[in-house]
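These values consider heavy atoms only, across backbone and side chains, with no hydrogens, waters or symmetry-generated copies. To find a chain, count down the sequence lines: A is the first, B the second, and so on, and within it residues start at 1.
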Protein chains: 2
Amino acid sequence: MITQKTKYALKSLMTLGALEKGAALTIEEVSQRSGAPKRFLEHILLDLRKAGYLGARRGRAGGYFLIREPSKVSLGELLQQIDGPIAPLPCLSRRSYRRCEDCDDEETCQLRRVFGEIFWSYLLLIESLTLQDLLRDPVAAGKALGEPGAARNAAPDEIAGE
Amino acid sequence: MITQKTKYALKSLMTLGALEKGAALTIEEVSQRSGAPKRFLEHILLDLRKAGYLGARRGRAGGYFLIREPSKVSLGELLQQIDGPIAPLPCLSRRSYRRCEDCDDEETCQLRRVFGEIFWSYLLLIESLTLQDLLRDPVAAGKALGEPGAARNAAPDEIAGE
DNA sequence: TTAATTCACGATAAACTCGGTAGACTTATT
DNA sequence: AATAAGTCTACCGAGTTTATCGTGAATTAA
């Protein structure tokens, strides 16, 4: 599950990304449009500003605005900034690598090997997706791809019943 | 991050799966071999028994033993049994589907669409992996596949720095 | 039949995370 | 000066995670 915080953050970025260039919204306005509680959103937008995604102006006519090109912001990067390390095992994270205390030998650890493969393929995918993909008009996108979206919008029809 | 519980559960299944057919281990023995705290492991093995993976015998010479073919137990199935729903959004889970309260229209929800694609590809992968893959001799497996394992054992060399 | 062994099960608890609230402060505009 | 905005630090309640403990129930050996 992605956290509420992540959800709010992505929705906020989408809201701000949909604006005309140069426009800004106050926390209050972002809160209304994204559905996030205002005081909670404060923290989130502040984080996003510190992470370099948003700019802020104070005082009258102030607010937050997107300062990075949506097509240049990968989803992987975003998820890491918002939620912290996303590796399934600490020993698979580069930035925040930690040894597994209970692990004798990383080279032969089967868990590490298998989850490493999973993680690798996951990373590859989310790095290839961007904020732009979240902003895309779904109808237009569907047309461009011959409408595969509808068929894949739901979870796979229950390989294992999740 | 996978939880400690998941880690212990998978290690236990690997331990029991490596045994000759029909052999059993007590909680105590599984605890020693897997590194899981004994009293915690009790609950985990009990869950795995109730989920149909393990059998148990009480009294002298009792213990737990694997009752399912490792090659028939998908990793996806396992992770769901141990950790519960794994969908990134409640509206993407079939078994435990819940509507997102803040969502007006699932059909046009961009978050749902994008995370649906991610989840779909993730599910496909973990459904294709089995307990057998966790039991496989890494050296032999490496030979069989022309040793791609070593190169992919570590996280991708930092697409985004995770 | 009794004692030893082993799993079964519910209660409890410490530590941590998540989602959110509150108050005071700083900066900018009018 | 008044007002409107973002900034910062602290805190809090609920739930989850990671266990531990005590006791009961089944099985078997002596």
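- Of all heavy-atom pairs between B:Gln80 and B:Leu123, the closest is NE2-CD2, 4.3 Å.
- Across the protein-nucleic acid pair, A:Arg39 atom CZ and C:dC18 atom C1' stand 18 Å apart, rounded to whole Å.
- A straight line from CG of B:Leu41 to P of C:dC7 spans 10 Å, rounded to a whole angstrom.
- The residue among A:Tyr8 and B:Gly63 whose nearest nucleotide of DNA chain C lies closer to the 5′ end is B:Gly63.
- Counting heavy atoms from C-beta on, the side chains of A:Asp83 and A:Thr6 come closer than 4.5 Å.
- Close approach of DNA chain D to chain B, defined as any atom under 4.0 Å from a non-hydrogen atom of the protein, starts and stops at D:dT18 to D:dA29.
- A distance of 9.0 Å separates OG1 of B:Thr15 from CG of B:Leu135, quoted to the nearest 0.5 Å.
- No contact: B:Glu28 has no heavy atom under 4.0 Å from any strand.
- If you take CG of A:Leu46 and P of C:dT27, they are 14 Å apart, rounded to a whole angstrom.
- If you check every strand for non-hydrogen atoms under 4.0 Å, A:Lys50 touches sugar and phosphate atoms only.
- With C:dG20, C:dG19, C:dA8 as the candidates, the nucleotide lying closest to the side chain of A:Pro37 is C:dG20.
- Considering CD of B:Gln110 and CG of A:Asp133, their distance stands at 9.0 Å, rounded to 0.5 Å.
- Look at CD1 on A:Ile44: it is 11 Å from P on C:dT21, rounded to the nearest Å.
- Residue B:Lys38 contributes atom NZ, which lies 13 Å from atom P of C:dA8 at whole-angstrom precision.
- In the model, B:Tyr53 has a side-chain atom that pairs as donor or acceptor with a side-chain atom of B:Glu77 under 3.5 Å.
- Nearest heavy-atom pair, B:Leu41 versus B:Ser12, reported as atom, atom and distance to 0.1 Å: CD1-OG, 3.4 Å.
- Note: CD (A:Gln4) to C1' (C:dT17) measures 14 Å, nearest angstrom.
- Electrostatic pairing of A:Arg99 and A:Glu106 does not count as a salt bridge here, judged by no charged N lying under 4.0 Å from a carboxylate O.
- The residue A:Leu45 sits apart from the nucleic acid: no heavy atom pair falls under 4.0 Å.
- With hydrogens and angles left out, the side chain of A:His43 and the base of C:dG19 share no donor-acceptor pair within 3.5 Å.
- You won't find any donor-acceptor pair under 3.5 Å spanning the side chain of B:Glu42 and the base of C:dC7, going by distance alone.
- If A:Phe40 and B:Ala56 are placed on DNA chain C by their nearest nucleotide, the residue sitting closer to the 5' end is B:Ala56.
- Atom-to-atom, CG of B:Leu48 to P of C:dC7 comes out at 14 Å; the value is rounded to the nearest Å.
- Spacing between atom OH of A:Tyr64 and atom P of C:dA28 amounts to 14 Å, rounded to whole angstrom units.
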